[in-house]
Number of protein chains: 2
Amino acid sequence: MAPRSKPGSTMRDEGIDRFIEAWGRMGSVWGISRTMAEVHALLYVTGEAMCTDDIMARLEISRGNASMSLRALLDWGIIARAHRRGDRKEYFQAEQDVWSVFRAIVRERMKREIDPLLVNLHEIRDHTREDGEKATADLDKRLDAMIDFFETATGLGNRFIGPSGPGLRLAATLLSGPHKADKAAKGRRSRERTR
Amino acid sequence: MAPRSKPGSTMRDEGIDRFIEAWGRMGSVWGISRTMAEVHALLYVTGEAMCTDDIMARLEISRGNASMSLRALLDWGIIARAHRRGDRKEYFQAEQDVWSVFRAIVRERMKREIDPLLVNLHEIRDHTREDGEKATADLDKRLDAMIDFFETATGLGNRFIGPSGPGLRLAATLLSGPHKADKAAKGRRSRERTR
DNA sequence: GAAAAGTTTCAGTATGTTCTGAAAGAGATG
DNA sequence: CATCTCTTTCAGAACATACTGAAACTTTTC
């Protein structure tokens with residue numbers, strides 16, 4: 001082992017950096033700004049409460065950007081404000097339970113995107129229904145199928161984020177059971193089985 | 001002009017336009033280009049097989065754009081090529097079963113995003129493990145929690161897209177059933193249809 | 001094998017998003 | 001109430017992504 005100026009911290013920092021990068025990429029693919037995801041990654045993975053300046057320094061971003069990202073994360077409910085006695089700065093801390101984080105994300109995205117879409121789809125469908133034309137009937141059928149899908153998905157989502165969320169967590173763990181041992185054989189075998 | 005003027009077609013076209021718009025917006029929020037989503041919306045909701053020129057005209061987009069979007073949709077496996085006898089053009093048709101569409105989407109996104117992320121997370125975790133430092137242990141713990149979450153999610157996803165997928169569809173319907181009984185029942189009732 | 005019909009590629013341009021830095025705002029402190 | 005510390009806002013700059021149109025390519029037809 002070679003001597004180091006900061007024993008331990010190099011490896012740790014490297015891990016943190018790599019996680020931040022991975023998480024940032026993930027975010028940008030899923031419609032969350034890269035920086036916002038990176039700020040969350042930093043707070044989550046270190047578990048520490050940090051102030052704006054800490055975050056600015058660590059991620060090398062501007063004050064404005066840091067401020068906006070933090071605000072957005074607060075809106076999503078996946079980080080919280082924290083204070084230190086005798087310090088006027090605001091500190092921020094990430095929710096530490098991964099399942100809570102994802103419940104919050106699902107809740108927000110459903111509220112912001114799926115629900116309005118569903119309203120929209122209903123409007124369109126109701127409107128096309130009024131049209132007596134035969135040619136419109138097939139369109140109607142497809143809209144129905146789509147609405148039905150999203151209503152089922154919404155139902156599932158509500159289960160996930162609702163009071164019995166933790167229960168669903170268990171269900172998910174059980175349902176996804178055989179993923180580690182095997183994918184092909186197990187899936188095929190359990191096809192015709194009832195529980 | 002068209003051989004016959006259809007009084008109902010205005011309403012139908014309006015419905016189609018509205019659906020395309022809604023679906024396009026949805027796509028752009030979820031990291032799919034707006035146009036790609038619009039092309040899919042058009043093909044799905046009309047149910048017709050269309051050629052590149054039809055699509056260009058309907059959505060007022062360039063040939064290049066149409067070509068790229070169609071190619072991407074083919075890659076995702078949610079539209080298919082089709083041909084008409086005595087016509088050299090290629091036609092494209094959307095998968096009509098909504099559940100198949102979403103299975104395809106889940107399959108692709110898992111393959112492209114979750115799987116590489118998981119590999120990445122494992123690498124990072126294994127690397128931080130080697131570090132014996134106490135300060136790194138907490139980081140390790142959090143990485144583990146995250147990995148665990150994504151492995152469960154992946155397991156669930158595989159169930160959804162796998163051979164027993166349709167079974168999971170039923171499970172989803174049942175699971176989401178009694179949560180919002182009023183809303184769900186209403187939608188389901190008005191949709192009863194023979195095949 | 002040349003013309004016709006159709007499809008893909010790609011450099012340049014348009015459009016949209018995110019980031020910065022300075023300035024204004026908000027709240028504590030002496 | 002003037003000042004100091006920290007936070008938020010916002011116009012414009014930097015960056016990223018999507019789109020166009022024309023040229024290159026491929027396949028079919030005669």
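Everything quoted here is computed from the prediction, not taken from an experiment. Below, chains carry the letters A, B, ... as their sequence lines are ordered, and counting in each starts from 1. Reckoned from all heavy atoms, side chains included, excluding hydrogens, waters and symmetry mates.
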[atom1] of [X] versus [atom2] of [N]: gap in Å, rounded?
X        : N       : atom1 : atom2 : result
Asp54(B) : dG6(C)  : CG    : C1'   : 14 Å
Asn65(A) : dC10(D) : CG    : C1'   : 13 Å
Ile32(B) : dT17(D) : CD1   : P     : 16 Å
Glu90(B) : dT7(C)  : CD    : C1'   : 8 Å
Arg85(A) : dA28(C) : CZ    : C1'   : 18 Å
Met56(A) : dC19(C) : CE    : C1'   : 12 Å
Lys89(A) : dT7(D)  : NZ    : C1'   : 12 Å
Met68(B) : dC10(C) : CE    : P     : 8 Å

Does this structure show an ion pair linking Asp140(A) with Arg12(B), if we count only N-O contacts that are shorter than 4.0 Å?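 No, this pair does not count.
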Below 4.0 Å: OP1/OP2 of dT7(D) and any side-chain N or O of Thr52(A):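 Yes.
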Within the pair Arg34(A) and dC19(C), is there a side-chain N or O less than 4.0 Å away from OP1 or OP2?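 True: Arg34(A) side-chain N/O within range (under 4.0 Å) of dC19(C) OP1/OP2.
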When you get a sec, tell me which of [options] is the closest nucleotide to the side chain of [X]?
X        : options                  : value
Thr35(A) : dT7(C), dT20(C), dC19(C) : dC19(C)
Arg71(B) : dT8(D), dC19(D), dT8(C)  : dT8(C)
Ser62(B) : dC19(D), dT20(C), dT8(C) : dC19(D)

Can you tell if the side chain of Arg63(B) reaches within under 4.5 Å of the side chain of Asp53(B), non-hydrogen atoms only?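 The answer is yes; the side chains approach within 4.5 Å.
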On DNA chain C, does the nearest nucleotide to Ser33(A) precede the nearest nucleotide to Arg88(A) from the 5' side, or the other way round? Give the residue.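 Residue closer to the 5' terminus by nearest nucleotide: Ser33(A).
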Classify the ring geometry of His40(B) against Trp23(B): parallel below 30°, tilted from 30° to 60°, perpendicular beyond 60°.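 Tilted.
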Which of parallel (below 30°), tilted (30 to 60°) and perpendicular (above 60°) describes Phe149(A) and Trp99(B)?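 Taking Trp99(B) first and then Phe149(A), their aromatic rings stand perpendicular (interplane angle over 60°).
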Heavy atoms under 4.0 Å, any strand shown: does Ser67(A) hit a base, just sugar-phosphate, or nothing?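 Base: the residue Ser67(A), judged by heavy atoms under 4.0 Å, touches a nucleobase.
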Rounded to the nearest 0.5 Å, what separates atom CD1 in Ile16(B) from atom OG1 in Thr128(A)?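 Ile16(B) CD1 to Thr128(A) OG1: 10.0 Å, rounded to 0.5 Å.
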